[in-house]
Protein chains: 2
Amino acid sequence: MRSKIVQDGQKKKTSFIEEARRRQIVEGAISTIASAGLSQASLARIAQDVGISKGVISYHFAGKDELIQQVINALFTETNRFIKSRVDQAPDAPRRLRAFIEASFEFMAANRANFVTLVDIWGSFGSPEAKRRFNADMYDPCRHHLEGILRRGQESGDFRDFSPATLAATVQGAIDGVMLQWVFDEEAIDLADCAAELVTMFDLATRRRA
Amino acid sequence: MRSKIVQDGQKKKTSFIEEARRRQIVEGAISTIASAGLSQASLARIAQDVGISKGVISYHFAGKDELIQQVINALFTETNRFIKSRVDQAPDAPRRLRAFIEASFEFMAANRANFVTLVDIWGSFGSPEAKRRFNADMYDPCRHHLEGILRRGQESGDFRDFSPATLAATVQGAIDGVMLQWVFDEEAIDLADCAAELVTMFDLATRRRA
DNA sequence: TTGGATTCTGGCCATGCGGTCAAAAATTAG
DNA sequence: CTAATTTTTGACCGCATGGCCAGAATCCAA
């Protein structure tokens, strides 16, 4: 797998094909989990869907745990990068908050399998310790991003006085909660309507009172 | 298990001890899932935690599927009954909405294991069909309850004009999303603060504009 | 071309699972 | 007390899983 002599070869520790395979397997895993559920997504099933032998997964990943971890990383980094790019284009705090919410829902609508998979994985952290780790590694950065937007909006005088941490958790929660219902049944929830409702609601809730 | 001659004995189809055992096993399952995760909650583990033999579960339940279904039923009926009792005490729509939100968080704080278990089970519905069934059986009634509150508030003139279905999904989503983060790490989220924030936010968002 | 390193295959294994069962224990009825 | 019935036990089964590995195939530099 890795070179034996050139063990610390600067930046090129992994070959091109290595990274391509890992990406392929991670994307295949997301697809399989989304359509069949995590409980049915055995290594054999994932390998079959991708069209490779089961051993390839074991060869490129330390185990199923690492594969799932990479899936989580892929889901979060993709989503966050998209949201961040939209937020950064907005000129002031109120519009950055609005961009955050709208980008979240736009990305959801375009990548439903990612969120079906995410919800499946949510329930797979056995120990309380594993749950805390997931929260610290994946969720906290999102909340911090939001918190920064809110805090700067207060400093600029656009937002009223509130606890940025609490409101960040509330915004994140509202987005995720609507997303959850949409994952269960996409026809039961109108994403665009909910997004618009959340945008106006949080605008009302954050703007400085006259 | 059941009487053989008195097969249609009016209302008493299940004995007293039968129901007691079922309740005991369901509660044990909730506790085991909350502390170890659904993936580790085998029938053997649950039986061990309860202090009975594995076969007893198979004797009182058709299989693990039925047990999990009963767990879900227990979680939702308990929660909904509490919320409904609080909502029914409120005199008008705005206060009923407030009671709904506050009761949700009050029940959460007092029954954390229930919600840890619920989140674990959320991800266990493999097929899209199973997800839809769960949504229709468990989630829709909650949304309908909320929708009724909102609609009556519009009819009475307390609330502005909005889509009751969309706003019901939004309220439910906001509650569940905050709950989710709290399940991952209870110290990262201040439930009381979030509840207060949601109450004032949805009050602002629903009240009729002057 | 050649030889070593990398990547892939398909079968194998130990483990733990849900479920079943005959027999033992406990409970209830007569 | 005794017999019938319900309930519990612990061992057992078939099965699917994640992980492993020897050898085949492929790639790549010399």
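Computed from a predicted model, the values in this text were never measured in an experiment. Naming convention: chains lettered A, B, ... in sequence-line order (proteins, then strands); numbering from 1 in each chain.
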With a 4.0 Å limit, can you tell me whether [X] has a side-chain N or O closer than that to the phosphate oxygens OP1/OP2 of [N]?
| X | N | result |
| --- | --- | --- |
| B:Tyr59 | D:dT8 | no |
| A:Ser42 | D:dT17 | yes |
| A:Arg21 | C:dC8 | yes |

- Query: By side-chain contact (heavy atoms from CB on, under 4.5 Å), which residues pair with A:Asn80, not counting sequence neighbours?
  - Reply: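 So A:Asn80 forms a side-chain contact (heavy atoms from CB on, under 4.5 Å) with A:Phe76, A:Cys142.
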- Task: For the residue pair B:Phe184 and A:Tyr139, categorise the inter-ring angle as parallel (less than 30°), tilted (30 to 60°) or perpendicular (more than 60°).
- Result: tilted
- Item | Candidate nucleotides C:dT20, D:dG10, D:dG19, ranked by approach to the side chain of B:Ser53 - the nearest |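 Side chain of B:Ser53 sits closest to D:dG10.
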- What is the bend of the helix from C:dT1-D:dA30 to C:dG30-D:dC1 when you compare the axis at one end with the axis at the other, using five pairs each and rounding to 10°?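 One end axis against the other gives 10°.
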- Quick one: on DNA chain D, does B:Val56 or A:Ala41 contact a more 5' nucleotide (nearest heavy atom)?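 Residue closer to the 5' terminus by nearest nucleotide: B:Val56.
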- Message: Pick the closest DNA chain D nucleotide for A:Lys64 and for B:Gly51 by heavy atoms, then say which residue is nearer the 5' end.
- Response: B:Gly51
Just how far, in rounded Å, is [atom2] of [N] from [atom1] of [X]?
| X | N | atom1 | atom2 | result |
| --- | --- | --- | --- | --- |
| B:Gln40 | C:dG18 | CD | P | 11 Å |
| A:Ile46 | D:dG18 | CD1 | C1' | 11 Å |
| A:Glu19 | C:dT6 | CD | P | 16 Å |
| A:His60 | C:dT7 | NE2 | C1' | 6 Å |
| A:Ile57 | C:dG10 | CD1 | P | 14 Å |
| A:Leu43 | D:dC20 | CG | P | 11 Å |
| A:Gln24 | C:dC8 | CD | P | 9 Å |
| A:Ile68 | D:dT17 | CD1 | C1' | 14 Å |

Per-pair distances, 0.1 Å, donor-acceptor, side chain in residues 186-199 of chain B, under 3.5 Å, sequence neighbours excluded:
{"residue": "B:Asp190", "atom": "OD1", "partner": "B:Ala192", "partner atom": "N", "Å": "3.2"}
{"residue": "B:Asp190", "atom": "OD1", "partner": "B:Asp193", "partner atom": "N", "Å": "3.0"}
{"residue": "B:Glu197", "atom": "OE2", "partner": "A:Arg160", "partner atom": "NH2", "Å": "3.0"}

Please list, one pair per line, the donor and acceptor atoms closer than 3.5 Å that link side chains of residues 23-35 of chain A to other protein atoms, with sequence neighbours excluded.
{"residue": "A:Gln24", "atom": "OE1", "partner": "A:Arg21", "partner atom": "NH1", "Å": "2.7"}
{"residue": "A:Thr32", "atom": "OG1", "partner": "A:Gly28", "partner atom": "O", "Å": "3.0"}
{"residue": "A:Thr32", "atom": "OG1", "partner": "A:Asp49", "partner atom": "OD2", "Å": "2.8"}
{"residue": "A:Ser35", "atom": "OG", "partner": "A:Ser31", "partner atom": "O", "Å": "3.2"}
{"residue": "A:Ser35", "atom": "OG", "partner": "A:Thr32", "partner atom": "O", "Å": "3.3"}

- Report yes or no: is the cationic atom of A:Arg22 (NZ for Lys, CZ for Arg) closer than 6.0 Å to the six-membered ring centre of A:Phe61, at no more than 45° off its axis?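 Geometry flag: set, cation within 6.0 Å and 45°.
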- Minimal non-hydrogen separation, A:Thr206 against A:Leu167, with atom names: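 Taking every non-hydrogen atom into account, CG2-CD2, 3.6 Å.
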- May I ask you to list the residues of residues 25-38 of chain B, by number, that have any heavy atom positioned under 4.0 Å from an atom of DNA chain C?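 Heavy-atom cutoff 4.0 Å gives no residues at all.
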- Can you check salt bridge (charged side-chain N to carboxylate O under 4.0 Å, His left out) on B:Asp92 and B:Arg152, steps first, answer last? CA-CA 9 Å; B:Asp92 53 19; B:Arg152 280 196 296 274; over 6 Å; no
- Would you state whether a donor and an acceptor, one from the side chain of B:Lys54 and one from the base of C:dG19, lie under 3.5 Å apart?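 In this structure, the two groups form a donor-acceptor pair.
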- Message: Could you go through B:Lys131 and A:Asp120, starting from their C-alpha distance and side-chain angles, then the distance that decides it, and tell me whether this counts as salt bridge (charged side-chain N to carboxylate O under 4.0 Å, His left out)?
- Response: CA-CA 11 Å; B:Lys131 286 185 172 68; A:Asp120 260 51; 3.2 Å; yes
- Query: Do B:Leu118 and B:Val183 come close enough that some side-chain heavy atom pair is under 4.5 Å?
  - Reply: no
Return all side-chain donor-acceptor pairs below 3.5 angstrom for residues 39-48 of chain A, not counting sequence neighbours, or 'none' if the list is empty.
{"residue": "A:Ser42", "atom": "OG", "partner": "A:Arg45", "partner atom": "N", "Å": "3.2"}

